[in-house]
Amino acid sequence: MQVPGPFDYERATGVEHAVGLLERLGEGARVVAGGHSLLPMMKLRLANPEYLVDINDLAGELGYLEVEPTRVRLGALVRHRQALESEELAAVCPIFRDAERVIADPVVRNRGTVGGSLCQADPAEDLTTVCTVLDATCVIRGPEGTRRIAMRDFLVGPYETALAYNELLLGIEIPRRARTSSAYAKVERRVGDWAIVAAGARVTLARGGTVEDAGIGLTAANPDTAALLAASRELVGEEPTETTIAEVGRRAGAACSPVSDMRGSAEYKRHLATELTMRAVRSAVARARAAGEREGQ
Ligand SMILES: Cc1cc2nc3c(=O)[nH]c(=O)nc-3n(C[C@H](O)[C@H](O)[C@H](O)COP(=O)(O)OP(=O)(O)OC[C@H]3O[C@@H](n4cnc5c(N)ncnc54)[C@H](O)[C@@H]3O)c2cc1C
């Protein structure tokens, strides 16, 4: 049986308390939220924290999910299930529901959190791609106060973020734009599994129907970053025709660098990157058109 090494446990009573604990306990301390990534790593002794700082009592401060006129705000302690079931979130960022319904299983979704997913920074984590594509900003609290950084700067590398040892992710902010929508397409070996490869897309249409802005990202197809800036740029200024979308898919497949492993060969994953990018972009475009009609624009 795999068991974690010895550790001490502190239960934070508020954000300031949590940050104070992280500061006082130093680099040997780790935050625990849902525990679905950290505890398996502790059992395998891949993570050996001396202290766990449990933030589950901070749901009052970090469990918010608010759709505002110009942005969407999600607290770090929003559970996957909450993000999956929110009609308000699905209406403005449908990519969340697309992704959440294929993240793990109900047991993991009941407990795993948006913040934990992002802080884990696993290249196979679905929400990393979702939040990168949506151009999210991370809100971070440390002893010096609150700071904000773009999702693409938050992700430093595989399993590595821009968080210092004494900082807590409070949540994310996603800008809302007119005539904009998003989609996520994933292929996994069996229901509830991690992605073999997945793709996310956000599209903003100009009034005339060309693409004004776009974000494209891949899950589990690169060693680190989820963003595909070159493929996204390919769309901007273009009519989103099948020919354009096929070219964007081809670029995504060419730009990624998957590795062969038990989930599939690198060649198969490249093929998926191309195909899933096309599906996600196609769906995001159709949804952006529908959003524009609903908004009367
Ligand atoms: C069987 C199984 C299948 C899964 N399948 C998928 C899948 O298909 N797709 C997918 O994307 N994910 C999958 N996951 C991962 C799941 O989404 C986890 O819930 C998620 O990765 C971590 O969230 P958590 O709240 O459990 O984080 P925890 O395990 O508590 O923490 C993860 C890391 O984040 C840090 N942390 C957590 N919250 C904060 C915070 N607010 N501020 C600073 N640091 C913080 C912790 O210190 C730790 O380093 C799966 C997990 C399991 C167990």
Side-chain angles (χ1 to χ4, degrees), residues 4 7 9-10 12 14-15 18-19 21-22 25 27-44 46-59 61-64 74-84 95-96 98-132 138-142 146-147 154-155 158-172 184 186-198 200 217 219-220 226 263:
F7 60 89
Y9 174 89
E10 299 266 5
V15 166
V19 171
L21 285 170
L22 292 174
L25 299 173
E27 307 230 354
R30 289 284 282 275
V31 170
V32 62
H36 272 301
S37 292
L38 184 56
L39 296 190
M41 287 176 65
M42 288 170 63
K43 286 182 177 179
L44 293 169
L46 294 172
N48 297 291
E50 292 170 60
Y51 304 95
L52 283 188
V53 175
D54 188 333
I55 59 168
N56 281 282
D57 288 344
L58 277 53
E61 283 176 278
L62 302 182
Y64 55 85
L74 266 91
L77 269 184
V78 168
R79 310 277 171 189
H80 291 301
R81 180 182 171 178
Q82 198 184 341
L84 170 65
I95 189 173
F96 255 100
D98 290 347
E100 287 289 8
R101 57 161 55 110
V102 287
I103 289 179
D105 50 46
V107 174
V108 174
R109 292 198 296 261
N110 279 343
R111 191 125 187 103
T113 62
V114 169
S117 283
L118 301 182
C119 293
Q120 185 65 15
D122 184 330
E125 211 85 39
D126 295 293
L127 291 191
T128 301
T129 303
V130 167
C131 292
T132 305
C138 298
V139 186
I140 295 166
R141 176 76 57 83
T146 302
R147 67 182 178 112
F154 182 74
L155 299 168
Y159 306 99
E160 205 184 339
T161 70
L163 282 179
Y165 75 92
N166 53 6
E167 289 184 317
L168 194 65
L169 178 68
L170 300 185
I172 54 163
Y184 195 71
K186 171 172 168 176
V187 169
E188 69 256 56
R189 288 180 305 174
R190 56 180 182 274
V191 172
D193 198 5
W194 296 83
I196 301 174
V197 168
T219 305
R263 289 195 161 81

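Both counts, for ligands and for their atoms, begin at 1 and track the order of listing. Side chains included, hydrogens not; waters and symmetry mates left out as well; all remaining heavy atoms used. This structure is a prediction, so every number in the text was calculated from the model and none was measured. Counting from 1, the numbers follow the sequence of the chain as shown.
- The closest side-chain heavy-atom distance from Glu100 to Leu127 is below 4.5 Å.
- For Asp126 (side chain) and Thr129 (main-chain N/O), no donor-acceptor pair under 3.5 Å exists by modelled atom type.
- For atom 27 (O) of ligand 1, the nearest non-hydrogen atom of the protein is Gly116 CA, 3.4 Å.
- Among protein heavy atoms, the minimum distance from atom 1 (C) of ligand 1 is reached at Val108 CG2, 4.0 Å.
- Within the 4.0 Å heavy-atom shell around ligand 1 one finds Lys186.
- Distances from atom 29 (O) of ligand 1 to the heavy atoms of Leu170, Leu38, Thr128 put Leu38 nearest.
- Proximity of a side-chain donor or acceptor of Asp54 to a complementary backbone N or O of Glu10 within less than 3.5 Å is not detected.
- Of all protein heavy atoms, the one lying nearest to atom 18 (C) of ligand 1 is Ser37 OG, 3.6 Å.
- Regarding atom 35 (C) of ligand 1, its nearest protein heavy-atom neighbour is Cys119 CB, 3.6 Å.
- At a 4.0 Å heavy-atom cut-off, ligand 1 touches Val31 through backbone and side chain alike.
- Considering backbone and side-chain atoms together, Leu169 places an N or O closer than 3.5 Å to an N or O of ligand 1.
- Evaluated by nearest non-hydrogen atom to atom 4 (C) of ligand 1, the leading choice among Ala33, Ala29, Gly115, Ala104 is Ala104.
- Atoms of ligand 1 found under 4.0 Å from any heavy atom of Asp126, numbered from 1 in the order shown, are 7 (C), 8 (O), 9 (N), 10 (C), 11 (O).
- Note: no N/O pair closer than 3.5 Å links Val32 and ligand 1 by distance alone.
- If you check which protein heavy atom lies closest to atom 21 (O) of ligand 1, you get Glu125 OE2, 2.4 Å.
- Counting only non-hydrogen atoms, the option in His36, Met41, His80 that gets closest to atom 17 (O) of ligand 1 is His80.
- For Glu50 (side chain) and Gly28 (main-chain N/O), no donor-acceptor pair under 3.5 Å exists by modelled atom type.
- Interface atoms of ligand 1 facing Ile55, defined by a heavy-atom separation under 4.0 Å, are 41 (N).
- Contact annotation: for Asp193 versus ligand 1, heavy atoms closer than 4.0 Å belong to the backbone alone.
- Counting the atoms of ligand 1 from 1 in the order shown, those under 4.0 Å from a heavy atom of Ala76 are 41 (N).
- The closest protein non-hydrogen atom to atom 13 (C) of ligand 1 is Trp194 CH2, 3.3 Å.
- For atom 19 (O) of ligand 1, the closest non-hydrogen atom of the protein is Gly112 CA, 3.2 Å.
- Considering both main-chain and side-chain atoms, Asp105 never comes within under 3.5 Å of ligand 1 through any nitrogen or oxygen pair.
- For atom 25 (O) of ligand 1, the closest non-hydrogen atom on the protein side is Thr113 OG1, 2.6 Å.
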